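Bear in mind that the values here come from a model prediction, so they are computed numbers and not experimental data.
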Amino acid sequence: MAKRLFYILTMVLILATTSCESDLSLKLKDGGGRLVMFSFLTPDSVFSVHLSRSVSHSSVDDFERVYDGFIVVYQNGVRVDSFAYPFRDLWAKRPDIQIQEGDLFELRARDGRGNRVEGITTIPQAIEIEDLKYEIIQSADVDGAIRPFLLCTIIFTDPIHTKNFYQLIITETLSNGNGNTVQQVKYFKDDPVFYIRDQEGSLMGGIDFHGSFADHLINGTTYELKVRLPEAYTKPVGAIEKRELNFMLLSHSQDYFDYLRSRVVAEYNYDLPIVDPIKIHSNVDGGLGLVGGISVASSKLVFIGNGYE
């Protein structure tokens with residue numbers, strides 16, 4: 001990398017200090033025009049799919065709308081829907097398609113320019129949270145100071161003989177006389193399952209993969225996943241308040257897992273001065289995008305004030 005940077009700087013210096021009679025023209029491919037398809041399929045949710053075209057690097061738009069798109073949906077090998085894509089909408093919604101764990105979905109799309117794309121995914125099985133425990137502990141924070149934390153233990157059994165891919169998301173719903181507020185909880189990822197594997201980037205630093213992890217360390221075992229919540233969650237709720245901490249254990253298809261983590265690495269590298277480009281994972285043949293499956297299991301901790309009704 002150092003030699004390449006030195007070479008680039010040297011060439012810039014030569015071009016800047018050398019006079020010549022002719023202009024130097026640089027021709028770059030404009031790019032764009034490829035079909036883009038996204039669909040994240042989750043049981044008990046409305047079937048949704050996005051279709052657009054990619055744009056050139058110089059474009060100020062994020063995508064190009066498709067006015068002549070057509071989509072066909074196969075579920076477990078049977079054609080269950082086909083429709084013209086509603087170009088005015090970002091997502092086409094098909095509420096009549098029922099999504100179940102274990103279903104195999106194949107999505108095919110085309111446009112009037114002759115572009116064709118295809119994406120396939122299997123909806124994973126949700127892995128039940130068998131038990132959820134908590135305790136208040138004293139531990140060092142990022143600055144080394146000893147503070148109280150809410151240590152939560154999520155117990156689940158990872159299926160054997162299959163590769164499984166997870167994400168832990170925690171949300172807080174705080175209720176009082178004025179209504180509800182909902183926010184995502186940022187927690188400390190000390191558990192070994194969150195360790196980076198297979199060198200997903202060259203300069204990982206403190207990168208956060210949003211609670212996603214694979215079962216490399218826990219395959220086929222009943223596991224106690226431990227996470228720490230910040231000090232604020234160790235304090236009692238108000239007399240007329242109720243706090244619900246919702247622990248959602250998401251099971252991802254491998255393609256969605258790879259897409260999520262490659263997207264995180266790419267966004268992380270945006271702030272670095274010089275890095276090799278990161279290719280965001282896609283499983284859409286003939287174009288760009290992702291067709292993935294997600295299933296969700298959840299469990300709650302509920303804390304209620306003495307005067308809450």
Side-chain angles (χ1 to χ4, degrees), residues 40-46 48 95 99-101 123-159 164-194 206 208-213 215 218 221-252 256 260 293-309:
F40 308 119
L41 305 177
T42 305
D44 301 323
S45 297
V46 176
S48 302
I99 306 171
Q100 303 291 334
E101 296 176 17
I123 310 303
Q125 299 289 330
I127 305 303
E128 178 185 359
I129 297 177
E130 300 169 8
D131 200 1
L132 180 59
K133 303 176 182 179
Y134 73 92
E135 62 179 312
I136 297 176
I137 64 168
Q138 301 291 324
S139 181
D141 64 9
V142 293
D143 298 323
I146 302 299
R147 300 184 185 277
F149 292 89
L150 188 68
L151 178 66
C152 298
T153 304
I154 303 97
I155 301 174
F156 64 97
T157 299
D158 177 76
N164 297 282
F165 306 91
Y166 301 101
Q167 183 180 15
L168 178 65
I169 296 177
I170 306 173
T171 61
E172 175 197 33
T173 302
L174 190 63
S175 305
N176 53 35
N178 298 321
N180 300 334
T181 59
V182 181
Q183 65 178 355
Q184 188 163 332
V185 177
K186 293 183 178 179
Y187 58 89
F188 294 89
K189 303 173 181 65
D190 307 316
D191 198 280
V193 298
F194 297 116
D208 183 355
F209 283 106
H210 304 320
S212 62
F213 60 96
D215 67 349
I218 62 174
T221 65
T222 297
Y223 191 70
E224 297 187 358
L225 173 61
K226 298 182 182 296
V227 297
R228 288 184 299 148
L229 275 60
E231 180 179 358
Y233 294 98
T234 66
K235 300 177 180 179
V237 296
I240 58 171
E241 291 182 332
K242 180 176 73 170
R243 172 185 290 148
E244 294 183 358
L245 295 177
N246 188 21
F247 293 73
M248 292 176 286
L249 184 62
L250 280 62
S251 294
H252 293 169
Y256 181 80
L260 170 66
I294 308 165
S295 293
V296 185
S298 64
S299 186
K300 290 182 179 180
L301 293 176
V302 181
F303 305 89
I304 302 177
N306 294 330
Y308 182 82
E309 296 182 359

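Sorted by first then second residue, the ring pair (Phe, Tyr, Trp, His ring centres under 6.0 Å) pairs that include residues 134-153, not counting sequence neighbours, are Tyr134-Phe303, Phe149-Phe188. For the salt bridge (Lys or Arg N to Asp or Glu O under 4.0 Å) condition, the pairs that include at least one residue of residues 132-144, sequence neighbours left out, are Asp141-Arg147.
Using cut-offs of 30° and 60° for the angle between ring planes, the Phe156 and Phe213 rings count as tilted.
Residues Val296 and Leu249 have side chains not in contact (no heavy-atom distance under 4.5 Å, counting atoms from C-beta outward). The shortest side-chain heavy-atom distance between Ile99 and Thr42 does not fall under the 4.5 Å cut-off. Considering only heavy atoms from C-beta on, Leu174 comes within 4.5 Å of Glu241 through its side chain. Counting only heavy atoms from C-beta outward, the side chains of Leu301 and Leu132 approach each other to under 4.5 Å. Between Ser175 and Tyr308, some side-chain heavy-atom pair lies under the 4.5 Å cut-off. In this structure, the side chains of Met248 and Ser298 come closer than 4.5 Å at one or more pairs of heavy atoms. A 4.5 Å side-chain heavy-atom check between Tyr233 and Arg243 finds at least one atom pair inside the cut-off.
For Tyr223, the side-chain hydrogen bond (donor to acceptor under 3.5 Å, both in side chains) partners at least two apart in sequence or on another chain are Asp191. Taking Phe247 as the reference, nothing meets the ring pair (Phe, Tyr, Trp, His ring centres under 6.0 Å) condition, with sequence neighbours excluded. Scanning for side-chain contact (heavy atoms from CB on, under 4.5 Å) contacts around Ser48 gives Val46, Trp91, Lys93, with sequence neighbours left out. By the side-chain contact (heavy atoms from CB on, under 4.5 Å) test, Pro159 pairs with Ile127, Thr162, Asn164, Tyr166, sequence neighbours left out. Applying the side-chain contact (heavy atoms from CB on, under 4.5 Å) test to Ala297 and every residue at least two apart in sequence or in another chain returns Ala126. By the side-chain contact (heavy atoms from CB on, under 4.5 Å) test, Gln184 is found to be paired with Ile169, residues two or more places apart in sequence or in another chain being considered. Partners of Thr153 by side-chain hydrogen bond (donor to acceptor under 3.5 Å, both in side chains), not counting sequence neighbours, listed by chain and number: Lys226. With sequence neighbours left out, Ser212 forms a side-chain hydrogen bond (donor to acceptor under 3.5 Å, both in side chains) with Arg261. In this structure, the salt bridge (charged side-chain N to carboxylate O under 4.0 Å, His left out) partners of Lys300, at least two apart in sequence or on a different chain, are Glu244. Taking the side-chain hydrogen bond (donor to acceptor under 3.5 Å, both in side chains) definition, one finds that Ser139 meets it with Arg228, sequence neighbours left out.
One finds the SG atom of Cys152 at 6.0 Å from the CD1 atom of Ile170 (value rounded to the nearest 0.5 Å). For the atom pair CD1 of Ile146 and CD1 of Ile137, the computed distance is 10.0 Å after rounding to the nearest 0.5 Å. Expressed to the nearest 0.5 Å, how far CG of Leu245 lies from OG1 of Thr171 amounts to 8.0 Å. Separation of atoms CD1 (Ile129) and CG (Leu225) is listed at 9.0 Å; rounding is to 0.5 Å. Rounding to the nearest 0.5 Å places CD of Glu172 at 13.5 Å from NZ of Lys186. Atom-to-atom distance recorded for Ile123:CD1 and Leu41:CG is 4.5 Å, nearest 0.5 angstrom.
Taking both residues in full, the closest heavy atoms of Tyr256 and Gly293 are given as CB-O, 4.4 Å, listed atom of the first, atom of the second, then distance. The two atoms that bring Val237 and Gly305 nearest to each other are CG2-N, 3.4 Å, heavy atoms only. Across every non-hydrogen atom of Ile155 and Glu224, the tightest pair is CG1-CG, 3.8 Å. Between Asn176 and Asn178, the shortest heavy-atom distance links the atoms OD1-N, 2.8 Å. The two residues Val193 and Ile218 have their closest heavy-atom pair at CG1-CG2, 3.9 Å. Summarising the geometry of Gly307 relative to Ile240, their closest heavy-atom pair is O-CG2, 3.8 Å, with the distance given to 0.1 Å.
Between the side chain of Ser295 and the main chain of Gln125, no donor-acceptor pair closer than 3.5 Å is present.
For His252 and Gln167, the side-chain atoms include at least one donor-acceptor pair closer than 3.5 Å.
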